[in-house]
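For reference, the structure discussed in these notes is given below.
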Amino acid sequence: MSNLFFHIKRRLFSALLVLCLLMGGVASAETGFSPQPVIRDEALTSNPQPVANDELLPTEAPSDAEDAPEETSEPVAEKPYEGLEVYFLDLGRVDGILIRCGGENCFIDVGFKENARAAVKFLRAMGISHLHSYVGTHGHFDHIEGAPQIIDAFRPDKLYFSHLGAINAVIDCADAAQQEVISASEKVILQPGDTFNVGEAVLTALGPLKVKNVNTGNTSENDNSLILRLDYGHRSFLFTADTTDKVLRAVNAQFPGKLNVDVFKNPHHNGAHDEDVIDMIRPAVTVFCTDDAHQPTKAYQSMLVAKGSRVYITGSDNQGNVAIVSDGQSLETRCGYSVQDVALESVPRLHVGQEYDLKVAVDPADALIPQTQLGWNSSDPSVIQVYNGRVRAMGEGRATISAVAVNGASGAVEVECWRAYVTLEQSEMSLAVGQTKKLGAQITPSNAKGVSGTWLSEDEGVATVEGGKVTGVGEGVTRVVARLSNGAEAACTVTVKGRMAQSVKLDRRKAEMKVGDNLTLSATVEPADFNADDLEWYSSDESILWVDQSGNITAVKPGKAKIAVVASEGVYDVCVIRVK
């Protein structure tokens with residue numbers, strides 16, 4: 001597992017597993033499709049996030065279905081699902097959708113080449129070696145540039161497109177070997193009303209009604225996006241690629257009621273769509289395929305929630321992968337990733353009081369999960385305590401730290417703690433060139449046997465240190481470190497500015513102002529070559545007097561306050577100002 005270790009980054013994927021059960025009612029005689037299911041939450045973790053913003057959560061579930069099942073808190077085990085599985089992969093601001101049903105697999109779009117590499121890893125981690133079909137929705141590179149990699153890796157039986165230009169765009173993105181695979185594959189251009197199957201799930205092409213203005217480098221290509229409706233039992237999905245409201249209205253006129261589905265893949269990633277279009281669809285679940293930098297607006301999310309839809313967003317600060325599974329009646333929404341193994345990197349010997357962030361690796365690597373979604377445990381909290389992957393050494397000895405994923409995958413590491421550690425009186429220090437200050441250090445325990453310490457400066461051109469006495473040498477920033485022989489250390493950040501001022505004098509000591517007046521104080525500093533930019537200005541009460549770092553004062557309200565200018569530590573002057 002050594003090759004799996006890596007630093008967890010800020011863009012860590014969140015929400016390992018959230019369960020949301022939606023149950024439907026009796027099928028509608030007019031449309032042949034069931035009404036919207038009742039939405040309920042059954043959280044498998046202590047911190048579920050079914051929408052990007054907690055305030056958007058509906059306070060009550062709709063109650064329009066009479067056949068909703070009784071509430072249950074039983075968690076759903078991580079195992080292959082026997083019905084329909086639809087995965088909206090967290091690949092970035094791109095669409096990458098996996099459909100699994102009846103032992104068959106279909107993949108829609110994928111994004112750019114780098115997105116395809118991540119998708120290939122995910123599919124292989126899912127145990128997929130072959131696709132029965134691949135769908136390229138339209139010719140934009142953010143949907144199909146990586147398609148040759150998917151096609152080459154999983155050799156689909158059929159390739160589905162909306163028009164010939166999209167096929168040519170995929171071929172243009174392929175290398176010579178990939179072009180041979182694509183040329184040998186069966187390619188189908190779907191027309192409105194055409195259908196194909198993924199196991200027992202039926203996908204119907206609803207749009208585009210007419211392909212026009214084919215130009216894969218133009219935004220008008222969005223209008224040529226495939227619009228696919230998936231039906232499985234009484235549940236339905238709508239995959240929309242980058243289609244537009246104009247096209248959706250035309251499709252609704254051509255196929256009345258067919259846009260009304262349970263699960264709606266929002267067109268164009270984070271795009272907001274008109275209320276009348278949402279009223280046509282009436283989704284119980286809306287999924288956004290996007291990244292952290294391109295989130296749907298709160299106003300649009302609020303509108304969707306007000307219409308009775310749950311909102312799920314791929315991306316590291318939201319749900320990660322969004323998987324929706326169905327037995328043809330219910331819908332379960334699961335967020336996060338399946339973890340096969342968890343490993344913790346070895347930890348250096350710690351000293352009492354030291355904190356350390358554990359480095360976690362998971363298998364498969366694309367199943368990256370946030371440390372907050374793992375269960376953490378210490379075999380001896382008196383030696384080592386752990387919280388969300390951060391350990392704190394409490395006492396001398398050894399303890400085993402373990403991390404467990406919701407599905408039971410786990411990893412552990414043994415940590416050794418020493419008693420001796422060192423602390424400094426301060427973590428930051430400012431000096432002038434030539435100035436010396438004492439930096440105190442304390443070894444704990446004071447009678448630690450076999451422990452000695454040394455001082456060092458990381459840049460002696462900025463500051464030197466001897467016996468804890470720090471002297472400014474040149475302008476800049478460095479760290480002064482107290483290091484023990486057992487490896488424990490503590491550091492102080494030292495900032496050295498220009499020459500130390502000997503004196504500073506303001507051009508006035510008293511003044512009167514009226515509210516709204518402006519006044520500029522000037523300061524004379526000795527020596528004369530002191531850098532005036534190093535002066536610092538302060539107001540004793542900014543609600544009365546406000547001063548900027550050039551000595552410009554504004555009278556805010558009546559009262560009395562002081563303006564001080566500080567040149568160096570202990571070198572300052574004050575002006576008292578009364579505001580009428």
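Computation of the quantities below employed the complete heavy-atom set of this structure, encompassing side-chain atoms and omitting hydrogens, waters and symmetry-equivalent molecules.
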Test item: [X] side-chain N/O and [Y] main-chain N/O as donor-acceptor pair under 3.5 Å:
X      : Y      : value
Thr240 : Ile227 : no
Ser309 : Thr286 : yes
Asp194 : Ala205 : no
Asp262 : Ser236 : yes
Lys307 : Arg282 : no
His132 : Asn105 : yes
Asn270 : Thr297 : no
Glu221 : His140 : no
Asp327 : Gln329 : yes
Arg235 : Ser326 : no

Could you tell me whether Arg155 and Asp152 have a side-chain N and a carboxylate O separated by less than 4.0 Å?
yes

Contact summary for [X] and [Y], nearest pair of heavy atoms:
X      : Y      : result
Ile182 : Lys187 : O-NZ, 2.8 Å
Ile150 : Ala119 : CD1-CB, 4.1 Å
Ile144 : Cys173 : CD1-SG, 4.3 Å
Lys113 : Glu145 : N-OE1, 3.2 Å
Trp376 : Ala403 : CZ3-CB, 3.6 Å
Asp95  : Cys289 : OD1-CB, 3.4 Å

How long is the gap from [atom1] on [X] to [atom2] on [Y], to the nearest 0.5 Å?
X      : Y      : atom1 : atom2 : value
Asn252 : Asp276 : CG    : CG    : 9.0 Å
Asp223 : Ser162 : CG    : OG    : 11.0 Å
His269 : Asn266 : NE2   : CG    : 10.0 Å
Thr243 : Asn222 : OG1   : CG    : 8.0 Å
Ile128 : Leu98  : CD1   : CG    : 4.5 Å
Leu203 : Phe196 : CG    : CZ    : 4.5 Å

Flag the pair [X] / [Y] as yes when at least one side-chain heavy-atom distance between them is below 4.5 Å, and no otherwise.
X      : Y      : value
Val86  : Val287 : no
Arg93  : Asp142 : no
Ser185 : Tyr134 : no
Pro348 : Tyr356 : yes
Ile313 : Pro296 : yes
Ile99  : Phe239 : yes
Phe161 : Val170 : yes
Phe154 : Val120 : yes

Go through the steps to decide whether Ile167 and Ile189 satisfy the test side-chain contact (heavy atoms from CB on, under 4.5 Å), and finish with yes or no.
CA-CA 9 Å; Ile167 299 175; Ile189 295 177; 4.1 Å; yes

Could you go through the side-chain hydrogen bond (donor to acceptor under 3.5 Å, both in side chains) check for Tyr387 and Gln385 one step at a time?
CA-CA 7 Å; Tyr387 179 74; Gln385 293 182 353; over 6 Å; no

Mind running side-chain contact (heavy atoms from CB on, under 4.5 Å) on Phe255 and Leu209 for me, showing each step along the way?
CA-CA 10 Å; Phe255 298 102; Leu209 299 179; 3.9 Å; yes

Is the distance between the ring centroids of His268 and His294 under 6.0 Å?
no

Under the criterion side-chain contact (heavy atoms from CB on, under 4.5 Å), I'd like the reasoning laid out for Leu238 against Leu206: C-alpha separation, chi angles, the key distance, then a yes or no.
CA-CA 10 Å; Leu238 188 66; Leu206 301 180; 4.2 Å; yes

List the steps and the verdict of side-chain contact (heavy atoms from CB on, under 4.5 Å) for Thr137 and Asp242.
CA-CA 8 Å; Thr137 60; Asp242 283 349; over 6 Å; no

Does atom NZ (Lys158) have a neighbourhood of more than 12 heavy atoms from anything else shown, all under 6.0 Å?
no

